[in-house]
There are 2 protein chains.
Amino acid sequence: MVTLEDVARHAGVSLATASRVLNGSTRQVGASLRVKVELAAAQLGYRTNVAAQTLARGASNVVGLVVHDLTDPYFAAIADGAMRVAEEQGLMVMIGTTHRDPQREIAYVSTLNAQRVRAVLLVGSRVADEQLTRQLREELDRYRETGGRVACVGQDLLGVDAVVPDNRLGAAALARALAGLGHRSFAVLAGPERLIAPMDRVAGFADALEELGLPAPLVLHGSFDREGGYAAATQVSGVTCVFAVTDVMAVGALAAFRDRGIRVPEDVSVAGFDDISTLRDLVPSLSTVRLPLAEMGARALEMALAPDEGARAQVVTGEVILRESTRALG
Amino acid sequence: MVTLEDVARHAGVSLATASRVLNGSTRQVGASLRVKVELAAAQLGYRTNVAAQTLARGASNVVGLVVHDLTDPYFAAIADGAMRVAEEQGLMVMIGTTHRDPQREIAYVSTLNAQRVRAVLLVGSRVADEQLTRQLREELDRYRETGGRVACVGQDLLGVDAVVPDNRLGAAALARALAGLGHRSFAVLAGPERLIAPMDRVAGFADALEELGLPAPLVLHGSFDREGGYAAATQVSGVTCVFAVTDVMAVGALAAFRDRGIRVPEDVSVAGFDDISTLRDLVPSLSTVRLPLAEMGARALEMALAPDEGARAQVVTGEVILRESTRALG
DNA sequence: AACCTCCCGGAAAGCGTTTTCCAAAGTCTG
DNA sequence: CAGACTTTGGAAAACGCTTTCCGGGAGGTT
């Protein structure tokens, strides 16, 4: 393994000079020495030892990303956005997937802290559990005490920078749009009861219906994925419109209705939330609330990296998009 | 920042002892001291500085993953499989996305080398370009010279461990299956001309047709994504069956046919390759060649991590799955 | 010419671990 | 109970880089 010292010796300069030439520094190095060093480095095939660099500098050039499930296009989109800004800033990205296990999320924060990553992004909704939240916060505080930066995407965690969609507002807008199509009876496929983001969407949706003087929707809980949507949709009957709190769940619902011989949108309308682009080719195309997922990931990382102090929250508002899966009633 | 030295002092033991207790070692430490150290660490909130550890140990506990595009479910599935084994082995994963830029792939290998990652996984097909391949190989060799381990997924790179689908065989089997349905005239949506994996699929498909005494397919090139499939499909006419070398491209083709008013499978049959699970709810459901993507990622990482020397290649064979997008003729 | 500044190169002190040696204290054997 | 092992704890030398501090030379000003 060729070290900086080898390069320095080979170039006939000091370690300090070699370091200044190769690994960036505020200090200038004279042209002749600079060339010698660069040549030596190239000849020997020198590669900086990042661990040593990190140790000496006291700061690494990697950021951490904690997501629930990378194969879920929602998370993939956000991760992609974040990775784009990481790349711009010359940072590497370390990813951990929790598979929706809160303990794992906490463990990852701890590990990323040990790695002394520059920032960590927590992506996705968390369950409303006193103890887990406290544990997570403790871990985050420990990390931040020593200069770590944290931001959340998709869910607010008090005292932490966050980029969050206005779930209530988006869901309410969707409810009004669907009511505008003439729908009066609704079901909501709601995801797990304790998960915060979906519950906000349910609440926003229900509140808007109430304001419009419409009957409260039938709320069905299920897991926060395609299967949950499918399972919940099998229990739906007697409504003209179904709101799945997630596009992914809506896909499950679509499948369930197809299997049951219920036509969408002729027999029942279906709407989702998120506007996952991988899903744009579904038939019928899905009405939804568009969220700029990649941008959210990007903004969150930018925010976490920004030197500015104080917890900030950026709220992004979703845009209702009506497509083929919802139809206007007579 | 609390260091191991702080912990040692607080516990009244030496640095060596503290290290042995907290960060794993072959050496035993007496029960009483062990407890003292653990207590001190917990009280002070000690977190190992991984950079220092890596430097001292000369080996990190992270692996690198280089993919083209994380939002493409093909890569997400493979990455997910690899991450599962990383998690099992207590390794962190660093991901780089090249966005199909070969230079970027090379740059990532270099960066991951600098990080002294334990292994790097190169996922996805590469272009057949002399010079780029040589550059990549040089970078890989440099990495491997110093103990780095490398494995490829989805594409063979001579001299490197690899888990690859048998693209020719899979495509040939698909061709035979489609011919078995009565199809005689085919188009192939083939992706970029220089990309190796898709070209193998095209070749396997064409060879099988020839063996069957059927006319050669119309081969249309395009980009290796949904848009490429869409664009290529707009030029298709006069065939009863279209083979897109990728499910993702097949989705584009489906969309194109829909826009052109061409019904699938009534007017034309469409088949893909990969069996992306996110796409299972498409209507019509896609005939394809199933590849165990997650498992491929997992096996590749296991192979890279295994101490055994010598380049090995694991070939996985695809399984033809006929669904609704292909129909039997007369 | 004397004095001040700047600039650039090098020596060396860290950064926080791991690990190799030693030494001391047990634990066995015969 | 002496000698030979085996454990267990500690001192200190790496690991490969960054950065502070110093000194010397070049250039500019009176």
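Protein chains get the first letters and strands the later ones, always in sequence-line order, with residue 1 at the start of each. All of these numbers come straight from a predicted model, not from anything done at the bench.
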Rounded to whole angstroms, how far apart are [atom1] on [X] and [atom2] on [N]?
X       : N      : atom1 : atom2 : result
A:Leu22 : D:dT18 : CG    : C1'   : 13 Å
A:Asp6  : D:dG16 : CG    : C1'   : 10 Å
A:Gln53 : D:dT19 : CD    : C1'   : 13 Å
A:His10 : D:dG16 : NE2   : C1'   : 19 Å
B:Glu5  : C:dT19 : CD    : C1'   : 16 Å
B:Arg34 : D:dG9  : CZ    : C1'   : 13 Å
A:Leu4  : D:dT18 : CG    : P     : 6 Å

Quiz item: Which distance, rounded to the nearest 0.5 Å, do you find between the CG of A:Leu4 and the CD of A:Gln53?
Solution: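 That separation rounds to 9.5 Å.
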Exercise. Please identify each residue that fulfils salt bridge (charged side-chain N to carboxylate O under 4.0 Å, His left out) with B:Asp156, with sequence neighbours left out.
Key: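 Salt bridge (charged side-chain N to carboxylate O under 4.0 Å, His left out) check on B:Asp156 returns nothing, list empty.
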Quiz prompt | Of all pairs that satisfy salt bridge (charged side-chain N to carboxylate O under 4.0 Å, His left out), the ones with a partner from residues 106-127 of chain B, not counting sequence neighbours | solution =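 Counting only pairs at least two positions apart or across chains, the salt bridge (charged side-chain N to carboxylate O under 4.0 Å, His left out) contacts touching residues 106-127 of chain B are B:Glu105-B:Arg126.
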Quiz item: Which pairs pass salt bridge (charged side-chain N to carboxylate O under 4.0 Å, His left out) with one or both residues in residues 44-54 of chain A, sequence neighbours excluded?
Solution: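 Matches after skipping sequence neighbours: A:Arg47-B:Glu139.
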Quiz item: Tell me, for nucleotides 9-15 of chain C in 5' to 3' order, what letter each nucleotide earns: B for a base near a protein heavy atom under 4.0 Å, S for only sugar-phosphate near one, - for neither?
Solution: BBB--BB
Quiz item: Is there a donor-acceptor pair under 3.5 Å between the side chain of A:Asp161 and the backbone N or O of A:Arg312?
Solution: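 Flag set: sc A:Asp161 to bb A:Arg312 pair under 3.5 Å.
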Quiz item: Between B:Arg84 and B:Asp80, is there a side-chain N and carboxylate O pair less than 4.0 Å apart?
Solution: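 A salt bridge is present here (some side-chain N lies under 4.0 Å from a carboxylate O).
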Quiz item: Is B:Arg134 salt-bridged to B:Glu138, going by a charged N under 4.0 Å from an acidic O?
Solution: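 Looking at B:Arg134 and B:Glu138, the cut-off is met.
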Self-check item: Angle of first-five versus last-five pair axes in the helix from C:dA1-D:dT30 to C:dG30-D:dC1, to 10 degrees
Solution: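 For the helix from C:dA1-D:dT30 to C:dG30-D:dC1, the axes at opposite ends meet at about 30°.
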Quiz item: Hey, does A:Thr133 have a side-chain heavy atom less than 4.5 Å from the side chain of A:Leu136?
Solution: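 SC-SC contact between A:Leu136 and A:Thr133 ruled out.
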Cut-off 3.5 Å, no hydrogens considered: what does the side-chain donor-acceptor table look like for residues 26-35 of chain B, sequence neighbours left out?
{"residue": "B:Arg34", "atom": "NH1", "partner": "B:Val29", "partner atom": "O", "Å": "3.2"}

Quiz prompt | B:Asn23 side-chain N/O to C:dT17 phosphate OP1/OP2 under 4.0 Å | solution =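 For C:dT17, neither OP1 nor OP2 has a side-chain N or O of B:Asn23 closer than 4.0 Å.
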Quiz item: Quick one: is C:dT17 close enough that its OP1 or OP2 comes under 4.0 Å of any side-chain N or O from B:Ser19?
Solution: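 B:Ser19 to C:dT17 OP1/OP2: no side-chain N or O under 4.0 Å.
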